[in-house]
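Read the structure below first, then the notes.
In the text below, chain A, chain B and the rest are named by the order of the sequence lines, each starting its count at 1. Just so it is clear, the structure is predicted and the values come from calculations on it, not from any experiment.
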Amino acid sequence: MEYNPQKIEGKWQRIWEKEKLFKAKDIFKKPKFYCLDMFPYPSAEGIHVGHLKGYTFSDVISKKKTMEGFNVLHPMGFDAFGLPAENFAIKTGVPPAKLTSRSIKNIKQQLISAGFGYDWQREICTCNPDYYKWTQWMFLQLYNAGLAYKKEAPVNFCPSCKTVLAREQVIDGKCERCDSLVEKKYLNQWFFKITDYAERLLNDLNKIDWPEKVKLMQKNWIGKSEGTEIYFKIYRGSTPVNLPVFTTRMDTLFGCTYVVIAPEHPIVSNLLDAKRTPRRVASQISNLKEIEKYIEEAKKKTEIERVAEDKEKTGIEIRGIKAINPVNNQEVPIFVADYVLMEYGTGAIMAVPAHDQRDFIFAKKRGLEMIEVIKPKTGRHPPATQSPFPEKAFQEDGILINSGPFSEKTSEEARKEITKYLEKRGQAKKATYYKLRDWLISRQRYWGAPIPIIYCSKCGKVPVPEKDLPVVLPKIKDFKPTGKGESPLAKVEKFVKTKCPKCKSKAKRETDTLDTFVCSSWYFLRYTDPKNLKIFASEKKIKDWLPVDLYIGGAEHAVMHLLYSRFFTKFLFDQKLIHFDEPFLKLFNQGIVYRQGAKMSKSKGNVVRPDYIIRKFGADTMRLYELFMGPANQATEWSDKGVIGCFRFLNKVWSIQERIGNQESKVKSQQLEKLIHKTIKKVSQDLENFRFNTAVSALMILANELEKQAKISLIHYSLFLMLLSPMAPHITEEIWRKLGNPEGIPSGSYGAGKKSIFLEKWPKYNPELIKEEKIQLIIQINGKVRDKIEVEPEITEEKAKELTLKRERVKRWIEKKEIKKIIFVPGKLINIVI
RNA sequence: GCCGAGGUGGCGAAAUUUGGUAAACGCUAUGGUUUCAGGAACCAUUGGGAGAAAUCCCUUGUGGGUUCAAAUCCCACCUUCGGCACCA
């Protein structure tokens with residue numbers, strides 16, 4: 001009988017569902033294991049073999065953990081709000097809800113036909129009101145805690161998507177979704193105060209078992225830097241204004257030859273404002289008009305323009321007033337330049353052109369003064385005032401020069417001492433800044449969870465009372481954006497018009513929706529109790545199942561979803577709503593699957609669909625190939641040909657069953673047993689360490705060996721099937737249950753039977769059985785392999801030497817030469833140095 | 001520019017954790033077997049070179065170094081990929 005996956009796979013998928021084999025039970029006699037996949041966006045095209053890679057990993061691990069006696073939670077759902085469905089609606093008029101539910105049906109079928117053991121009773125969908133009710137509830141918790149706020153700010157606006165974006169969604173100044181150049185706009189928008197959690201988000205990275213790469217990306221994104229704020233005085237008449245600047249390089253303070261203020265800095269408008277500035281001073285500024293013009297232009301520039309002019313730094317001096325360097329009372333000119341950012345630090349810097357590349361370029365162009373204040377500890381360097389920019393040695397620690405009483409100190413000492421000196425005089429204080437910005441969460445789009453806020457002319461912003469949740473997204477017909485930077489919801493009068501929950505007078509609803517990342521920031525909580533109507537998840541279920549033990553997904557979410565989820569978790573922990581403050585204990589990033597040298601994408605037309613592979617070779621073959629392709633965390637190229645190897649392997653597995661019998665010869669049986677136990681060890685360890693490719697290879701080696709036998713005992717074959725079962729569940733289940741026939745085959749601990757293979761215990765290897773009686777001792781001469789001998793593993797050095805020197809081949813190599821040294825590595829090799 | 005991860009046959013890769021037989025396993029290719037035929041079946045060979053053969057020499061991006069011994073450790077460089085990017 002031939003191996004025919006099409007005949008068996010659908011059958012077992014139905015039976016597993018009927019037997020509820022992979023359903024997570026809320027009974028905790030066994031230790032729990034929560035294995036989570038990043039849930040997919042239900043795109044109309046379905047998922048491709050790249051998505052399936054990570055899902056295969058999590059399914060293999062879940063099945064193995066089940067066999068190891070864990071109570072496994074392995075759920076799946078859909079991240080269903082978002083732009084593609086809405087853009088499709090604008091084009092075709094098909095409502096996003098309709099398209100989404102169609103896509104979900106399709107993807108769910110794809111996942112089921114791959115044999116994944118998800119607990120579909122727990123399926124969630126973020127666009128379902130039962131779900132987004134709690135997303136809105138989360139928003140309200142944050143709002144009530146003062147962590148959700150609305151403010152006018154310069155934001156990134158995508159002209160094609162007609163909505164603002166979070167900073168994380170802007171890549172190289174372009175929209176991550178459609179690649180349009182992002183515009184800067186001043187808009188009134190909602191933010192989450194994630195910056196309040198910057199320090200904890202940074203520190204707690206130490207607590208979690210995540211790829212170092214992802215941790216580092218988060219660390220850099222949070223971008224903590226510790227330094228000092230220094231107060232430069234600017235005199236307007238007799239009253240000085242303090243201008244704080246931020247620096248991490250106090251040791252270069254004597255090298256400051258000018259200061260730069262960001263164009264948006266309030267101090268600039270104050271200085272220019274004739275009403276506030278004494279007439280005498282205002283008249284001191286001789287180039288008011290030019291400065292105003294520069295500021296206007298800078299404000300209009302997009303982020304990309306500001307940076308893309310690359311090194312070509314623009315700016316303008318405020319003529320007529322000076323700033324005073326507190327450390328030496330030196331008067332320095334003041335510039336307004338957009339290479340200084342208002343959003344970071346104090347929005348003003350002290351410029352040290354001799355030791356900072358950016359300041360150097362700016363100063364060089366204008367012929368500004370440069371003062372060298374640091375020399376390298378050793379060696380000579382061209383003067384910092386001449387080289388295009390300071391060499392590394394200057395930027396790192398050096399020795400101070402031209403720095404008054406601090407000359408001859410090291411950078412490190414000087415940093416401390418200068419800070420102390422100014423601190424005492426109240427002219428500086430230590431400060432810490434982060435690159436992390438608050439999370440912009442409002443979107444001027446339809447297909448998202450409405451922000452549950454009501455605007456009342458009397459009461460102002462009023463949160464929607466909990467009992468009125470969810471604020472249901474109304475069904476609409478016209479999906480086109482209003483063109484006024486508003487969500488299409490603004491056109492829906494029925495939705496907008498409401499009553500103030502407080503004073504009952506006429507009021508309007510917020511029409512912006514929430515960023516989809518808000519929906520996905522807490523979804524892992526909902527799986528534990530997906531149908532709860534009273535709370536996002538009951539306390540008990542949260543305690544029983546969470547945190548997530550293993551999270552598998554792509555690295556592209558490193559600074560978005562993964563950071564946001566951590567923020568939500570910490571917030572809910574602070575609210576005493578959950579008992580843990582890190583959501584995902586272990587994270588694994590599967591590598592990207594390439595084809596024709598590029599990441600699979602619809603636009604490149606290089607997508608491989610699993611449906612085709614499954615139809616042709618079956619789900620087991622596809623799963624095996626996903627595992628076998630290469631290292632799990634590494635990008636690998638998809639090969640249609642390579643799939644065949646896995647199909648051949650399964651055919652072999654299938655045909656071996658014909659050899660079952662109890663008459664293995666004794667010697668053979670012992671050798672086989674040794675190999676089987678070695679394989680149990682290898683596969684168990686490899687699966688534990690995400691080395692799926694070598695686990696598959698070990699099973700291939702074992703299958704090749706089994707194939708050579710005339711007869712194979714049932715127990716040996718059964719062990720093999722069990723090891724293979726998490727990876728190729730259908731074929732192993734089929735053979736396993738079939739073998740439970742009434743022909744008198746004993747059903748021992750490893751006996752096959754009529755119940756599922758996944759109810760069996762994961763096999764354990766016997767350490768006694770994998771001990772070698774004989775090993776190959778490598779004989780090297782001058783480090784090159786020249787001979788091998790079979791010996792006992794415990795062979796002594798003397799004995800090994802004796803045997804080695806007797807060998808003809810060895811004698812030939814040594815011949816009259818003097819043996820200088822013999823190195824013996826027990827159980828491994830002997831090296832003769834001549 | 002800064003940070004990070006890589007570079008091993010014709011291809012995907014093993015061996016890097018612990019320095020100790022480089023190329024396991026699979027694909028491809030070549031030759032053969034079976035079959036009415038086909039190949040997504042089976043068998044053999046498959047890093048390069050020399051040789052009739054035994055066997056020998058060379059080979060892990062490049063160049064140095066440490067060591068009895070280096071794909072593995074150290075230094076410098078080249079290169080591919082990923083992230084950040086005027087963050088003071």
Side-chain angles (χ1 to χ4, degrees), chain A residues 2 171-173 211-221 223-225 227-228 245-249 252 260 262 303 306-313 337-341 343-352 356-359 361-362 389 433-437 555-556 558-559 592 594 616-617 621 624-625 628-631 633-649 651 655 689 691 693-701 703-704 776-788 809 812 820-825 827-834:
Chain A
E2 278 201 358
I171 292 156
D172 292 332
E212 282 308 314
K213 189 187 145 187
V214 176
K215 287 204 215 177
L216 202 71
M217 274 165 77
Q218 291 213 347
K219 194 183 158 201
N220 292 338
W221 192 258
K224 180 180 183 176
S225 76
T228 314
V245 304
F246 177 65
T247 184
T248 54
R249 293 301 305 270
T252 64
V260 188
E303 199 68 15
R306 221 165 133 156
V307 179
E309 287 168 22
D310 216 28
K311 319 301 170 200
E312 184 66 31
K313 298 189 192 313
D338 64 6
Y339 80 89
V340 170
L341 309 173
E343 304 92 79
Y344 185 77
T346 61
I349 60 152
M350 62 172 208
V352 185
D356 181 281
Q357 188 187 346
R358 296 152 299 184
D359 300 339
I361 292 163
F362 189 82
F389 55 87
Y433 283 100
Y434 301 88
K435 289 185 195 171
L436 186 70
R437 308 286 152 81
E556 67 273 17
V559 290
I592 298 166
Y594 284 97
K616 204 164 174 197
F617 301 105
T621 293
L624 225 41
Y625 181 65
F628 187 58
M629 280 173 80
N633 60 358
Q634 188 184 298
T636 39
E637 176 83 18
W638 178 271
S639 150
D640 285 327
K641 288 281 187 187
V643 178
I644 290 161
C646 293
F647 183 62
R648 285 185 190 143
F649 165 67
N651 272 288
S655 66
N689 294 304
R691 290 192 296 247
N693 55 333
T694 49
V696 174
S697 129
L699 287 170
M700 284 174 169
I701 292 168
N704 290 345
Q776 260 194 354
L777 188 78
I778 303 303
I779 299 173
Q780 292 186 341
I781 290 160
N782 283 343
K784 292 202 172 178
V785 181
R786 295 301 181 192
D787 203 358
K788 298 161 192 180
R809 288 167 135 268
R812 221 184 324 136
K820 287 185 192 145
K821 206 182 197 180
I822 294 181
I823 283 128
F824 176 71
V825 184
K828 279 252 163 98
L829 63 79
I830 182 161
N831 187 15
I832 300 168
V833 187
I834 51 175

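- The same atom, P, is picked in B:rC73 and in B:rA14; the two are 16 Å apart, to the nearest Å.
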Readout for nucleotides 26-41 of chain B: B = base within 4.0 Å of protein heavy atom, S = sugar-phosphate only, - = neither; 5' to 3' it is SSS-----------BS

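- Between A:Tyr344 and the phosphate of B:rA88, there is a side-chain N or O to OP1/OP2 separation shorter than 4.0 Å.
- The residue among A:Tyr434 and A:Trp221 whose nearest nucleotide of RNA chain B is located toward the 5' end is A:Trp221.
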Between N or O atoms, less than 3.5 Å apart, protein on one side and nucleotides 52-61 of chain B on the other: list the pairs.
from: B:rU55; atom 1: OP1; to: A:Arg809; atom 2: NH2; distance (Å): 3.2
from: B:rC57; atom 1: OP1; to: A:Arg786; atom 2: NH2; distance (Å): 2.9
from: B:rC57; atom 1: OP2; to: A:Arg786; atom 2: NH1; distance (Å): 2.9
from: B:rC58; atom 1: OP2; to: A:Lys784; atom 2: NZ; distance (Å): 2.9

All N/O pairs under 3.5 Å across the protein-nucleotides 64-66 of chain B interface:
none

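- Across all strands shown, B:rG12 pairs with B:rC25; the Watson-Crick or G-U wobble distances both stay below 3.5 Å.
- Every residue was checked against the salt bridge (charged side-chain N to carboxylate O under 4.0 Å, His left out) condition with A:Lys828, not counting sequence neighbours, and none meets it.
- Rounded to a whole Å, the NZ atom of A:Lys820 is 11 Å from the P atom of B:rA69.
- Using a 4.0 Å heavy-atom distance criterion, A:Ala635 is classed as a sugar-phosphate-only contact.
- Summarising the geometry, the separation between CD on A:Glu637 and P on B:rU80 is reported as 18 Å, rounded to the nearest angstrom.
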Between N or O atoms, less than 3.5 Å apart, protein on one side and nucleotides 14-19 of chain B on the other: list the pairs.
from: B:rA14; atom 1: OP1; to: A:Asn693; atom 2: ND2; distance (Å): 2.8

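- Going from atom NZ of A:Lys641 over to atom OH of A:Tyr625 covers 12.5 Å, rounded to the nearest 0.5 Å.
- To the nearest 0.5 angstrom, A:Asp787 atom CG is 12.0 Å from A:Gln780 atom CD.
- Contact annotation: side chain of A:Gln357 to base of B:rG1, donor-acceptor pair absent below 3.5 Å.
- When heavy atoms are screened at a 4.0 angstrom cut-off, A:Ser225 is found touching the sugar-phosphate backbone but no base atom.
- In this entry B:rC86 has no Watson-Crick or G-U wobble partner, no candidate having both defining distances under 3.5 Å.
- Under the salt bridge (charged side-chain N to carboxylate O under 4.0 Å, His left out) criterion, A:Lys215 pairs with A:Glu212, sequence neighbours left out.
- Candidate nucleotides B:rU21, B:rG20, B:rG83 were compared by shortest atom distance to the side chain of A:Met217, and B:rG83 ranks first.
- Checking the phosphate oxygens (OP1, OP2) of B:rU21, no side-chain nitrogen or oxygen of A:Lys788 falls inside 4.0 Å.
- In textbook terms, a nucleotide whose glycosidic angle is within 90° of 0 is syn, while B:rG64, being further out, is anti.
- Nucleic acid contact class of A:Leu216 (heavy atoms, under 4.0 Å, all strands): sugar-phosphate only.
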